[in-house]
Amino acid sequence: LITGGSRGIGKAIAREFGRHGVKLVVVSRSEPDWQPDLWVSADVTVAEDREKLVETIGQRYGRLDILVNNAGRGLMETWEEMPEEDLRNLFELNLFAPVALTKLCLPLLKRSAGTVINTSSVAGKMAVPCMGAYCATKYAMNAFSDSLRIELQPHGVHVLNLIVGRINTGFSKYCLGGRQPPASPGKSNAADLAVRVWRAYARGRRELTFPAWYRLVYPLTRLFHRLYARENIRRWGLEQKT
């Protein structure tokens, strides 16, 4: 079961897992332009939709081996500019919905000794100005994954957390807020990410950072925090106006 599987990272992960013989249940609000085993039109932020989704899987397949919490979006605005409604909506989709869906799926996942895969972000490892709310949801997702993994270990359920960097999926086009991110080189391909997600799943890894070089970036932003702040103020146009 993969949420937000109609396009972008979700689509790439779903199709890679399907290539390895996994039956795919895709849930999204927009119809996929490809053919999964089952597509369910649903809004994962709606409790009734989540409940019907899990009920459908139980009735149709009688089991669930993998849950991929992938649906999410960004928000590009300063904390001062950000409407409170946007902040609440972002947490509803990026954190509360995957937590609630995971809880509903746990009886099936425990029965199959399955896997939960959560799509997080490098923004959950380092604070980015004008993306603070998005960072907050992903920091929370990382904590959710790491604590859930320990709780589910006695039941044989594994948790894989994906720390995803810049991927060429048009992410900023679907973001809330009125700002645009600064131009940045080095966008990676969603299909390449999906291949590595499969390998990480097959090997029972706890966390996957993609691209891997981002693992070097986290400590550098803390070590050179003044430089990091100065460059971001310039790149985002946050200089104090005179």
Notebook entry, point to check: Just how far is it from atom CZ of Phe171 to atom CD1 of Ile9, taken to the nearest 0.5 Å?
Noted result: 8.5 Å
Next item on the list: Could you tell me which non-hydrogen atom of Val22 sits nearest to which non-hydrogen atom of Asp37, and how far apart they are?
Entry: O-OD2, 4.0 Å
Margin query: So, taking the atom named OG in Ser188 and the one named CZ in Arg196, what distance separates them when rounded to the nearest 0.5 Å?
Written below: 8.5 Å
Next item on the list: Indicate yes or no for a side-chain donor-acceptor contact from Arg29 to the backbone of Asp43 under 3.5 Å, with no hydrogens or angles considered.
Entry: no
Next item on the list: Answer yes or no: is there a donor N or O on one side and an acceptor on the other, between the side chain of Arg203 and the main chain of Arg205, under 3.5 Å?
Entry: no
Notebook entry, point to check: How many angstroms lie between CD1 in Ile117 and CG in Leu67, if you round to the nearest 0.5 Å?
Noted result: 8.5 Å
Checklist line | N-O pairing of Glu55 and Lys52 below 4.0 Å | finding: no
Note to self: Show, in sequence, the C-alpha distance, side-chain angles and deciding distance for Arg179 and Met131, and conclude whether the side-chain contact (heavy atoms from CB on, under 4.5 Å) test is met.
What the structure shows: CA-CA 9 Å; Arg179 291 182 175 266; Met131 294 182 66; over 6 Å; no
Next item on the list: Could you check if a side-chain atom of Ile2 sits within less than 4.5 angstrom of a side-chain atom of Ile13, using non-hydrogen atoms only?
Entry: yes
Next item on the list: Please report the closest heavy-atom contact between Ser112 and Leu64, naming both atoms and the distance.
Entry: OG-O, 2.6 Å
Check: Ile233 and Met82: same hydrophobic cluster, using ILVMFWY side-chain contacts below 4.5 Å?
Finding: yes
Notebook entry, point to check: With distance as the sole test, does His155 use its side chain to make a donor-acceptor pair with the main-chain N or O of Lys110 at under 3.5 Å?
Noted result: no
Notebook entry, point to check: If two hydrophobic side chains count as joined below 4.5 Å and joins carry through other members, does Val164 share a cluster with Met126?
Noted result: no
Margin query: Quick one, Leu220 and Tyr228 - any side-chain contact, counting heavy atoms below 4.5 Å?
Written below: no
Next item on the list: Output, in order, the C-alpha distance, side-chain angles, deciding distance and verdict of side chain to side chain donor-acceptor pair (under 3.5 Å) for Ser120 and Asn118.
Entry: CA-CA 6 Å; Ser120 187; Asn118 290 327; over 6 Å; no
Margin query: If the condition is side chain to side chain donor-acceptor pair (under 3.5 Å), which residues does Lys11 pass it with, not counting sequence neighbours?
Written below: Asp33
Note to self: Between Val116 and Leu109, is there a side-chain heavy-atom distance shorter than 4.5 Å?
What the structure shows: yes
Note to self: Hydrophobic clusters here meaning ILVMFWY residues chained together by side-chain heavy-atom distances under 4.5 Å, can you tell me if Val27 and Trp39 are in one?
What the structure shows: no
Checklist line | Whether Phe17 and Trp198 hold their rings parallel, tilted or perpendicular, with breakpoints at 30° and 60° | finding: perpendicular
Next item on the list: Look only at the side chain of Thr209 and the backbone of Ala212, and say whether a donor-acceptor pair between them is shorter than 3.5 Å.
Entry: no
Next item on the list: Please lay out, stage by stage, how Thr78 and Leu238 fare under the test side-chain contact (heavy atoms from CB on, under 4.5 Å).
Entry: CA-CA 9 Å; Thr78 66; Leu238 297 173; 4.1 Å; yes
Margin query: Quick one: does any side-chain atom of Asp49 pair with a main-chain N or O of Ala42 as donor and acceptor, under 3.5 Å?
Written below: no
Next item on the list: For a side chain to side chain contact (heavy atoms under 4.5 Å, CB included) with Phe210, tell me which candidate from Ile167, Val197, Val195, Val122 qualifies.
Entry: Ile167
Item checked: Residue pair Lys125, Glu207: steps toward the salt bridge (charged side-chain N to carboxylate O under 4.0 Å, His left out) verdict -> CA-CA 12 Å; Lys125 296 283 191 176; Glu207 186 170 279; 3.6 Å; yes
Check: Where is the tightest heavy-atom contact between Ala133 and Leu75, given as atom of each residue plus distance?
Finding: CB-CD2, 3.7 Å
Donor-acceptor pairs are to be reported for all side-chain atoms of residues 89-106 against protein atoms at under 3.5 Å, with residues two or more places apart or in another chain.
residue	atom	partner	partner atom	Å
Asn89	ND2	Glu85	O	3.3
Asn94	OD1	Arg73	N	3.1
Asn94	ND2	Arg73	O	2.9
Asn94	ND2	Thr137	OG1	3.2
Thr102	OG1	Asn69	ND2	2.9
Thr102	OG1	Pro98	O	2.7

Check: How close do Ser121 and Lys138 get, heavy atom to heavy atom, and via which atoms?
Finding: CB-CG, 3.8 Å
Notebook entry, point to check: So do Arg206 and Asn161 actually touch side chain to side chain, heavy atoms under 4.5 Å?
Noted result: no
Margin query: Can you tell me how far apart CG (Leu162) and OG1 (Thr119) are? Round to the nearest 0.5 Å.
Written below: 5.0 Å
Next item on the list: Measure from the side-chain N and O atoms of Asp65 to the backbone N and O of Gly114, and report whether any donor-acceptor pair falls under 3.5 Å.
Entry: no
Note to self: Is a donor from one side chain sitting under 3.5 angstrom from an acceptor on the other, for Thr56 and Gln59?
What the structure shows: no
Item checked: Any donor-acceptor pair under 3.5 Å from Asn142 side chain to Gly124 backbone -> yes
Margin query: Taking the six-membered ring of Tyr174 as reference, does the cationic atom of Arg7 (NZ for Lys, CZ for Arg) lie under 6.0 Å from its centre and within 45° of its axis?
Written below: yes
Checklist line | Pairing of Glu16 and Arg199 as salt bridge, 4.0 angstrom limit | finding: no
Notebook entry, point to check: At what distance, to the nearest 0.5 angstrom, does CD of Glu77 lie from CG of Leu87?
Noted result: 12.0 Å
Next item on the list: Could you pull out the closest heavy-atom pair between Pro129 and Trp236, with the gap in Å?
Entry: O-CE2, 3.4 Å
Note to self: Closer than 3.5 angstrom, by distance alone: can the side chain of Arg222 be matched with the main-chain N or O of Tyr218 as a donor-acceptor pair?
What the structure shows: yes
Margin query: Do Leu223 and Leu227 sit in one hydrophobic cluster, given that two such residues count as connected whenever their side-chain heavy atoms are within less than 4.5 Å of each other, even indirectly?
Written below: yes
Margin query: Looking at every heavy atom in both Ala190 and Gly8, which two are closest together, and how far apart are they?
Written below: CB-O, 4.3 Å
Notebook entry, point to check: Hey, does the side chain of Glu51 reach the backbone of Glu48 with a donor-acceptor pair shorter than 3.5 angstrom?
Noted result: no
Checklist line | Heavy-atom check, side chain of Met76 versus side chain of Gln180, under 4.5 Å | finding: no
Notebook entry, point to check: Using 4.0 Å as the upper bound for N to carboxylate O, is an ion pair formed by Asp146 and Arg149?
Noted result: yes
Notebook entry, point to check: Looking at CG of Leu24 and CD of Gln35, how far apart are the two atoms once the value is rounded to the nearest 0.5 Å?
Noted result: 10.5 Å
